[in-house]
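Here is the structure we will look at.
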Amino acid sequence: MRLKKIIATVAASGIAVGAVALSAPAQADDHKAMSLAEVLNVGNAELDHQHSDFDILAKAAETVLAAKPESPVALLADEDTKLTVFAPTDRAFMKLASALAGKKIDKEDAAFDTVAGLGVDTVETVLLYHVIPGEKITAKDALKADGAVLQTALEGKNTKVKVSMKPTIKLRDYAPEIKNPKVILDMTDINKKKGNMQIAHAIDGVMLPFAP
């Protein structure tokens, strides 16, 4: 799925704010690599009551691409670009929205509205902070990466990997007031299939490249 097709999908759906759903893989051509945009079903996310998937992430990415077609977020549509995405679940975004609003937010639409209220540029910044370009990091690799500093697609910003014995993989960001997110170990290696250049892992919080 190329960028023009993604933008056309968003426009046809009439969605003003959108993103990347990681839950229902699309059918792939056996003879070509798949991008995360294809696997994540860009343009088809629906805010619902299933909080362990990626609807809010999908809505956020669609919004950025609709407003800024040249955004680096479009790297997700390039199957020839190697990258890793740490993908916050809907529940992760709900936790962030609750922290920003100062009250509990337990519905996806309300969480999405709160996040979208930060503005397209800020949403783009947050999304890019979850992308590690040039690296296809498997869960097996991550479990061996204690202390590694990962350079993100957001210029000048990195995240540090902390692995404990449980095992637990934590990602350190720039928001000391908010608990560091963990990789959800039974939701890793999305799009790992041989030949694919892009991979994703679910995380239970949203990383921030700034203090809220």
Handout entry: Non-neighbouring partners of T152 that pass side-chain contact (heavy atoms from CB on, under 4.5 Å), sequence neighbours left out
Key = Y129, I132, L154, K157, T159
Reported [atom1]-to-[atom2] distance for the pair [X] and [Y], which is rounded to 0.5 angstrom:
{"X": "T81", "Y": "L36", "atom1": "OG1", "atom2": "CG", "value": "11.0 Å"}
{"X": "L65", "Y": "E124", "atom1": "CG", "atom2": "CD", "value": "9.0 Å"}
{"X": "R91", "Y": "I184", "atom1": "CZ", "atom2": "CD1", "value": "8.0 Å"}
{"X": "H51", "Y": "H49", "atom1": "NE2", "atom2": "NE2", "value": "7.5 Å"}
{"X": "D55", "Y": "L47", "atom1": "CG", "atom2": "CG", "value": "6.0 Å"}
{"X": "M94", "Y": "K104", "atom1": "CE", "atom2": "NZ", "value": "8.0 Å"}

Quick one: does [X]'s side chain get under 4.5 Å of [Y]'s, heavy atoms only?
{"X": "V126", "Y": "L208", "result": "yes"}
{"X": "H130", "Y": "P88", "result": "yes"}
{"X": "V183", "Y": "T188", "result": "yes"}
{"X": "F86", "Y": "V206", "result": "no"}
{"X": "K68", "Y": "V73", "result": "no"}

Minimum heavy-atom distance [X]-[Y], with the two atoms named:
{"X": "A111", "Y": "I56", "answer": "CB-CD1, 3.9 Å"}
{"X": "T122", "Y": "L118", "answer": "OG1-O, 3.4 Å"}
{"X": "A142", "Y": "I137", "answer": "N-CG2, 4.1 Å"}
{"X": "P69", "Y": "A74", "answer": "O-CB, 4.4 Å"}
{"X": "K160", "Y": "G147", "answer": "CE-O, 3.8 Å"}
{"X": "P212", "Y": "A175", "answer": "CD-CB, 3.7 Å"}

Look only at the side chain of [X] and the backbone of [Y], and say whether a donor-acceptor pair between them is shorter than 3.5 Å.
{"X": "S164", "Y": "P167", "result": "no"}
{"X": "D173", "Y": "P209", "result": "no"}
{"X": "E79", "Y": "A37", "result": "no"}
{"X": "H201", "Y": "D189", "result": "yes"}
{"X": "D90", "Y": "S52", "result": "no"}
{"X": "E108", "Y": "D48", "result": "yes"}
{"X": "K136", "Y": "N196", "result": "yes"}

Exercise for the section: Mind running side chain to side chain contact (heavy atoms under 4.5 Å, CB included) on L128 and L75 for me, showing each step along the way? Expected result: CA-CA 10 Å; L128 291 176; L75 289 173; 5.9 Å; no
Practice task
Could you tell me whether K192 atom NZ has more than 12 heavy atoms of other residues or ligands within 6.0 Å of it?
Solution key: no
Handout entry: Within 6.0 angstrom of Q151 CD, more than 12 heavy atoms from elsewhere
Key = yes
Handout entry: S35 and Q198: CA distance, side-chain angles, deciding distance, side chain to side chain donor-acceptor pair (under 3.5 Å) verdict
Key = CA-CA 6 Å; S35 70; Q198 304 184 342; 4.7 Å; no
Problem - Carboxylate-amine/guanidinium proximity below 4.0 Å for E135 and K82 - result: no
Problem - Among V131, V123, T125, the one residue meeting side chain to side chain contact (heavy atoms under 4.5 Å, CB included) with L127 - result: V123
Do [X] and [Y] belong together in a cluster built from hydrophobic side chains that touch within less than 4.5 Å?
{"X": "V115", "Y": "I105", "answer": "no"}
{"X": "M197", "Y": "L76", "answer": "no"}
{"X": "I199", "Y": "I169", "answer": "no"}

Exercise for the section: Please step through side chain to side chain contact (heavy atoms under 4.5 Å, CB included) for the pair K95 and D204, ending with a clear verdict. Expected result: CA-CA 9 Å; K95 289 195 294 185; D204 69 355; 4.2 Å; yes
Exercise for the section: Could you give me the CA-CA distance, side-chain angles and deciding distance for M34 and N191, then say whether side chain to side chain contact (heavy atoms under 4.5 Å, CB included) is met? Expected result: CA-CA 8 Å; M34 290 185 70; N191 201 40; 3.9 Å; yes
Practice task
Please lay out, stage by stage, how F93 and T114 fare under the test side chain to side chain contact (heavy atoms under 4.5 Å, CB included).
Solution key: CA-CA 9 Å; F93 275 104; T114 299; over 6 Å; no
